[in-house]
Protein chains: 2
Amino acid sequence: MAESTPEAGRSSGVTAQQAAVPVPGAAGSGPISHAIFRLARLHRMYAGQLLRRIGLHPGQELVMMHLWELGAQRQIDLVRLMDSDAATMTRTVRRLEQAGFVRRRPSPTDKRASLIEPTAASHALRREVEQVWSQLEDISTAGLSDGERADALAALERLEHNLVQAAAQPEEPRAER
Amino acid sequence: MAESTPEAGRSSGVTAQQAAVPVPGAAGSGPISHAIFRLARLHRMYAGQLLRRIGLHPGQELVMMHLWELGAQRQIDLVRLMDSDAATMTRTVRRLEQAGFVRRRPSPTDKRASLIEPTAASHALRREVEQVWSQLEDISTAGLSDGERADALAALERLEHNLVQAAAQPEEPRAER
DNA sequence: GTGTTTTACTTGCTCAGACAGGCAATGGCG
DNA sequence: CGCCATTGCCTGTCTGAGCAAGTAAAACAC
């Protein structure tokens, strides 16, 4: 009785089969929501695998990309760019610093802030990170025509827009609207 | 110089503005991938907020939904259903047990395994969890026609399918096959 | 000047998630 | 029967992430 999925084999690394049908009945109540959940899970998992190969943890690559692109930034700037958390950024920067990818420099104008800048050693990573991103994009959009990609992107952004809107209005403030 | 986003305001709770434009240049290299990332982030954040109100952490609701629907399950079954991790499941079940939502019962046939079953107290949660899911679905798909929802769902599943496929074949092993 | 508020950052807690290691029960095979 | 690989579960460790609280500097008051 308990054995429902006879093919459920490997449990580590890249499990593919189950990810396709994780929640049997719950999918009925919220198909889109659930699809977002599954897609996010897979995407995150895949990105994590690719990033680990180059010595980064998920999230760290975003910090590095911003730094490479914009140059030295304060932590609060990184927080706002990534819509992250100040506490998380403190620790992420510290780990990137320990890994030798970033360096801290006191801000010349603000003693509270420190400027985070990428080290020379980190530049070797840049290519690899960009490769990971393009690889992830290729995998995700494999077999899609340009039109289909545009449609998919539009759909994703539409959903995102809805959530952003909802986040802006915590609870429908008025019945009419 | 460091002040690039003048409107960047609140930093706690539901930040909406930045989420719409988090990665300026990186979005160019991987628009779909990045849209998935942003959507996942928002969706996760919103689900987390709704779940916290009913006393659950993200992920716990999935365990409970499976238990409500399928009845007592071994941990390994839950792991496979959710495509989760055995270690994570150990701790999640322990916390749900401490919260009084599940109970452990030794398996009659396998001394290694224990059966996890929802408590009577947990049934009160079921409605709330289902409400959270439908609320999340409503928010995500607000203003979408039936056709648009179907399109969005298809797009999400198409992307998911691609990632599942890619996960099944770690690195293109052979050109033919 | 002094006082208050805001800002930048840090630390503490708790959670999920991934990985590695380990332990005990299971089940197959000679 | 006994050996041995597998299975189910647990612990330790590391990561991101969220929330709460605290510190120090800055900015803005008066």
Side-chain angles (χ1 to χ4, degrees), chain A residues 2-3 8-15 37 40-42 44-49 51-52 55-63 73-80 82-99 104 106-116, chain B residues 2-3 8-15 37 40-42 44-53 55-63 73-80 82-99 104 106-116:
Chain A
E3 301 292 338
R10 61 228 61 168
S11 63
S12 71
V14 194
T15 26
F37 195 87
R41 209 171 173 60
L42 268 175
R44 185 184 197 75
M45 189 176 76
Y46 215 102
Q49 285 190 347
L51 285 172
R52 191 169 311 112
L56 286 178
H57 291 267
Q60 297 184 340
E61 91 281 11
L62 289 179
V63 175
Q73 299 283 312
R74 297 177 306 164
Q75 292 192 13
I76 190 65
D77 297 324
L78 293 172
V79 164
R80 292 205 257 256
M82 296 176 52
D83 193 23
S84 178
D85 184 274
T88 299
M89 191 53 66
T90 292
R91 292 179 256 252
T92 296
V93 165
R94 189 199 303 148
R95 283 157 194 152
L96 285 173
E97 191 181 10
Q98 289 169 349
R104 312 175 86 115
S107 166
T109 63
D110 192 334
K111 285 182 194 160
R112 296 169 303 174
S114 55
L115 292 177
I116 314 300
Chain B
E3 302 293 340
R10 64 227 59 170
S11 64
S12 71
V14 193
T15 25
F37 194 88
R41 208 170 174 60
L42 268 175
R44 185 184 197 75
M45 189 177 77
Y46 216 102
Q49 285 190 348
L50 295 179
L51 285 172
R52 190 168 313 112
R53 298 179 191 173
L56 287 179
H57 291 268
Q60 298 184 340
E61 91 282 12
L62 289 179
V63 174
Q73 299 283 313
R74 298 178 304 166
Q75 290 193 14
I76 189 64
D77 297 324
L78 293 172
V79 165
R80 290 205 257 258
M82 295 177 53
D83 192 24
S84 177
D85 183 273
T88 299
M89 192 52 67
T90 292
R91 292 179 253 251
T92 296
V93 166
R94 189 199 304 146
R95 283 158 193 150
L96 285 173
E97 192 181 9
Q98 290 170 349
R104 312 174 86 113
S107 166
T109 64
D110 191 335
K111 285 180 193 160
R112 295 169 303 175
S114 56
L115 293 177
I116 314 301

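Note that these values count all heavy atoms, side chains included, but never hydrogens, waters or copies made by symmetry. Letters go in sequence order (proteins before strands), and every chain restarts at 1.
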Under 4.0 Å: is that the gap between some side-chain N or O of A:Thr90 and OP1 or OP2 of C:dT10?
yes

With sequence neighbours excluded, what pairs up with A:Arg112 under the side chain to side chain donor-acceptor pair (under 3.5 Å) test?
A:Asp110

Quick note, A:His57 side chain, CB onward, closest among C:dC19, D:dT15, C:dC9 is D:dT15

Where the side chain of A:Gln60 meets the backbone of A:Pro58, is there a donor-acceptor pair that is under 3.5 Å apart?
no

As a test of reading the structure: which of C:dC9, D:dT11, D:dC9 is closest to the side chain of B:Ser114, going by heavy atoms?
D:dC9

In whole angstroms, how far is the C1' atom of C:dT10 from the CG atom of A:Asp85?
12 Å

Could you measure the distance from the CD1 atom of A:Ile116 to the CD1 atom of A:Ile76? Nearest 0.5 Å is fine.
12.0 Å

Show the nearest heavy-atom pair for residues A:Arg41 and B:Asp83, with the distance to one decimal.
NH2-O, 3.6 Å

Using whole Å, report how far CG of B:Asp110 lies from P of C:dA25.
10 Å

Side chains of A:Gln73 and A:Arg80: does their closest heavy-atom pair fall under 4.5 Å?
no

When rounded to whole Å, the CG to P distance for the pair B:Leu78 and D:dG8 reads 12 Å

Protein-nucleotide distance (B:Arg74, atom CZ; D:dC10, atom P), rounded to Å
13 Å

Please report, rounded to the nearest Å, how far the P atom of D:dA17 is from the CD atom of B:Gln49.
16 Å

Of A:Arg94 and B:Gln98, whose closest DNA chain C nucleotide lies nearer the 5' terminus?
A:Arg94

Distance check needed: D:dA17 P versus B:Met45 CE, whole Å only.
13 Å

By the 4.0 Å heavy-atom rule, please label A:Thr92 as base, sugar-phosphate, or nothing.
sugar-phosphate

Nucleotide nearest B:Lys111 (side chain, heavy atoms from C-beta), chosen from C:dG12, C:dA18, C:dT26:
C:dT26

Heavy-atom nearest nucleotide on DNA chain D for A:Arg44 versus B:Arg104: which residue maps closer to 5'?
B:Arg104

Can you tell me the distance, in whole Å, between the CD atom of A:Glu97 and the C1' atom of C:dT10?
14 Å

Tell me the interatomic distance from B:Ile76, atom CD1, to C:dA24, atom C1', rounded to whole angstroms.
16 Å

Pairwise 5' ranking along DNA chain C for B:Gln60 and A:Arg112, keeping only the more 5' one:
A:Arg112

Any A:Gln75 side-chain N or O less than 4.0 Å from OP1/OP2 of C:dT10:
yes

Measure from the side-chain heavy atoms of A:Ala113 and tell me the nearest of D:dT7, C:dA18, C:dC9.
C:dC9

For the base of D:dG18, is there a side-chain donor-acceptor partner from A:Arg91 under 3.5 Å away?
yes

